[in-house]
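Data first, discussion second: the structure below is written as structure tokens.
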Number of protein chains: 2
Amino acid sequence: MKKNTTIKDIAKLAGVSIGTVDRVLHNRGRVSKKALDKVNQALKELEYTPNPIARSLRNNVVYTIHILIPDAKQDPYWEPCMKGVSELMDEFAAFDLNFSLHTFDPSKPKSFLGAGNKILGEDPDALLFVPLFGKESTQLQKELNDRNILSTTFNSPVWEHVHHHVGQDLFLSGRVGAKLVSNLIDKPCEIAIIHVEEAYNNAAHMQEKENGFRSYFEEQHTDFKILTLILGSKEIRNNFDATVKKHPHIEAYFITTSRTYEVANAIHKLGIKKPVIGYDLLPENVVCLHNDKVQFLIHQAPRQQAYLGLRSLVEKLLFNKELAKVELLPIDIINSENVKSYL
Amino acid sequence: MKKNTTIKDIAKLAGVSIGTVDRVLHNRGRVSKKALDKVNQALKELEYTPNPIARSLRNNVVYTIHILIPDAKQDPYWEPCMKGVSELMDEFAAFDLNFSLHTFDPSKPKSFLGAGNKILGEDPDALLFVPLFGKESTQLQKELNDRNILSTTFNSPVWEHVHHHVGQDLFLSGRVGAKLVSNLIDKPCEIAIIHVEEAYNNAAHMQEKENGFRSYFEEQHTDFKILTLILGSKEIRNNFDATVKKHPHIEAYFITTSRTYEVANAIHKLGIKKPVIGYDLLPENVVCLHNDKVQFLIHQAPRQQAYLGLRSLVEKLLFNKELAKVELLPIDIINSENVKSYL
DNA sequence: TAAAATTATGTTAACGTACACATTTTTTCT
DNA sequence: AGAAAAAATGTGTACGTTAACATAATTTTA
């Protein structure tokens with residue numbers, strides 16, 4: 001029933017003007033010690049919290065927020081990110097926000113750096129980006145930090161200079177995959193981790209997953225043999241029987257990227273029926289789930305990552321909400337049944 | 001860079017005063033046809049959207065929001081809901097919102113109805129509640145609708161009179177359980193669905209899950225035998241061997257409630273090692289996950305359900321955000337590894 | 001046709017915050 | 001002491017929306 005206290009209430013209780021209260025609140029000086037004490041006392045007594053709505057109306061500024069993500073045309077994994085971004089834009093359409101969307105070629109670090117520099121040139125208030133390339137991303141992040149530009153990264157692993165990051169624990173993600181595999185096989189046996197090599201290599205990403213995967217089986221103290229294979233897309237499509245011949249005892253496959261369907265289809269074509277576990281809800285992967293060519297997918301929630309990252313930035317700018325350094329999303333396990341509830 | 005257009009801009013372009021523009025916007029009459037046309041023209045031309053911040057500052061009202069959920073002391077399942085509720089309260093602490101939390105005894109419909117009536121007597125702006133009891137909930141919901149009180153239900157199944165609901169597709173949830181079971185057994189075999197009978201019986205809940213579960217296996221066209229057992233907590237703890245003796249060929253257990261750990265512990269005590277799949281991340285269940293007494297849990301996300309339900313209400317009141325009739329949350333599959341990322 | 005009634009339109013104050021500016025009080029210096 | 005400088009405090013306005021109120025224009029009525 002009671003309205004929150006305002007700076008007016010504070011002023012009255014402290015016996016000063018709202019101007020003085022305001023100076024205390026933003027400690028911009030020009031306040032006598034006596035007044036300061038009285039105001040602080042009143043502030044404590046009435047448990048004042050500023051009204052974020054009034055504040056943001058007053059501070060009415062047009063913020064410019066840039067978004068830098070890989071081009072979905074070159075890797076459909078990024079499509080949901082676009083969706084997450086536009087979802088957020090719609091949600092905040094009524095605010096004075098200026099969004100500017102940039103994409104880069106995920107196979108070309110230079111493309112990333114070029115877009116990054118262009119954005120810096122436009123004096124942004126905030127930037128959401130995917131730090132796909134270690135060196136270039138560090139460089140960009142440093143510059144952002146130096147120039148005090150708000151930033152959030154997502155999807156790729158966190159590193160030291162990061163200001164705010166939304167993502168998943170990839171090591172744990174690998175362990176989740178391992179546990180799922182262990183549910184589907186008779187132990188001990190031979191298991192393959194397949195890194196699908198792309199035009200670009202998100203090596204840290206894959207490596208973390210592999211480490212997690214291996215750590216799980218090491219803890220089991222049973223005699224598993226875990227192979228790591230690095231294969232190109234073409235190799236998988238046209239020449240997978242060579243791999244199978246070379247390693248005839250593989251009992252399960254763990255694919256560390258969204259290219260899961262390529263492996264699943266390749267082994268299916270060879271008439272092999274072994275568990276396949278992989279990543280991401282690409283339409284091709286979902287089809288494999290329904291065909292039982294893939295038993296489980298691990299969902300990296302790219303839409304949510306982009307949405308939440310952007311949302312954090314917006315709420316920081318508009319309402320001065322605090323940013324946690326790292327926001328870790330849950331690691332979702334998907335099968336043919338619950339997939340529907342995630343789309 | 002450009003600020004959103006304001007009602008002032010519209011007024012200038014239309015050659016009228018802001019008062020007239022406002023009257024047009026809220027069509028409260030007293031506007032000549034000529035002025036109306038000019039304003040509508042300007043409105044379209046400048047793509048006006050009202051500034052929600054200014055609006056809610058102006059409309060500055062203290063809203064009273066009530067929350068009615070089962071007492072967590074009597075069923076720990078509801079603990080996360082409390083957490084979700086207080087999380088939201090913190091988040092919106094700076095707004096003029098008055099939250100009022102009520103609990104009821106989940107074994108006593110009268111307790112629900114009593115609390116409901118008390119809330120109605122306090123003339124609330126909105127109510128979030130768990131419609132645990134069909135008849136009583138319908139009655140409450142009708143009254144809310146008649147009196148035009150904003151309301152959201154969560155957790156229990158949706159029914160016709162509902163205004164806004166947050167929950168999961170329980171039929172699908174049963175299917176998810178079935179699929180997980182099918183990954184862990186050699187078919188065909190005998191499977192038990194166990195409904196743990198409580199002081200109260202959320203029958204519709206359990207039945208939906210059972211239906212989903214059975215529908216999956218029916219589609220498989222293989223000879224599964226699916227038993228349905230309704231057992232009391234005490235029966236499970238002290239007398240489970242009788243059940244096992246009666247049904248010696250059960251190869252997997254699907255438990256439809258958060259009491260999963262009771263069954264898991266009971267069969268473990270009897271030295272049986274068969275797959276157990278159940279519901280909810282109660283600490284006892286999580287322990288079972290780590291002990292491998294339970295292979296998978298299905299997460300009903302009570303914290304998120306409460307949080308999202310309440311958030312929808314708050315955003316409707318404060319910012320006039322639209323409410324979808326039903327919000328279905330994803331059905332999360334939990335194993336010993338990813339559980340950490342959900343807590 | 002002039003007064004009264006009706007309808008259309010404009011003006012202004014408020015929501016709570018923030019800050020520029022004006023005013024008052026205190027301190028410093030000659 | 002008295003002027004000047006510095007410090008402290010108060011006042012007013014704007015952010016965009018809303019609605020009560022005031023005023024102006026038009027229509028109705030006697």
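Below, each value reflects all heavy atoms present in this structure, side chains not excepted, and no hydrogens, waters or symmetry copies. Every chain is numbered from 1, with letters handed out A, B, ... down the list of sequences.
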Separation of atom [atom1] in [X] from atom [atom2] in [N], rounded to whole Å:
X: B/K33; N: D/dT26; atom1: NZ; atom2: C1'; result: 18 Å
X: A/I18; N: D/dT13; atom1: CD1; atom2: P; result: 13 Å
X: A/I53; N: D/dC15; atom1: CD1; atom2: P; result: 19 Å
X: A/K38; N: D/dT9; atom1: NZ; atom2: C1'; result: 11 Å
X: B/F319; N: D/dT17; atom1: CZ; atom2: P; result: 15 Å
X: B/R30; N: D/dA25; atom1: CZ; atom2: P; result: 17 Å
X: A/D37; N: D/dA8; atom1: CG; atom2: P; result: 13 Å
X: B/N27; N: D/dT18; atom1: CG; atom2: C1'; result: 15 Å

Starting the side chain at C-beta, find the nucleotide from D/dC15, D/dT17, D/dT9 nearest to B/K8.
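Output: D/dC15.
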Among D/dG16, D/dT17, D/dG10, which nucleotide sits nearest the side chain of B/R55?
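For the B/R55 side chain, the nearest candidate turns out to be D/dT17.
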Could you tell me whether the phosphate oxygens of D/dC15, OP1 or OP2, come under 4.0 Å of any side-chain nitrogen or oxygen in A/S56?
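Checking D/dC15 against A/S56, no side-chain N or O comes under 4.0 Å of OP1 or OP2.
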Close side-chain approach of [X] to [Y], heavy-atom, < 4.5 Å:
X: B/T49; Y: B/E47; result: no
X: A/S151; Y: A/Q141; result: yes
X: A/L120; Y: A/I149; result: yes

How is [X] classified with respect to the nucleic acid when contacts are heavy atoms under 4.0 Å: base, sugar-phosphate, or nothing?
X: A/N51; answer: sugar-phosphate
X: B/N60; answer: sugar-phosphate
X: B/I7; answer: base

At a heavy-atom distance below 4.0 Å, which nucleotide of DNA chain C is the first touched by chain A, and which is the last?
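First-to-last contact on DNA chain C, by the 4.0 Å heavy-atom rule, is C/dC15 to C/dC19.
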Parallel, tilted or perpendicular, as decided by the 30° and 60° cut-offs, for the rings of A/F112 and A/F133
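Perpendicular, since the angle between the ring planes exceeds 60°.
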Does B/M89 have more than 12 heavy atoms from other residues, nucleotides or ligands lying within 6.0 Å of its CE?
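Above 12, so yes.
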On DNA chain C, nearest-nucleotide positions of B/A54 versus B/S32: which is more 5'?
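By nearest-heavy-atom nucleotide position, the 5'-most residue is B/S32.
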Do B/K142 and B/D146 sit within salt-bridge range, that is, some charged N less than 4.0 Å from a carboxylate O?
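No salt bridge links B/K142 with B/D146.
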For a side-chain hydrogen bond (donor to acceptor under 3.5 Å, both in side chains) with A/T152, tell me which candidate from A/E327, A/Q305, A/H164 qualifies.
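The passing option is A/H164.
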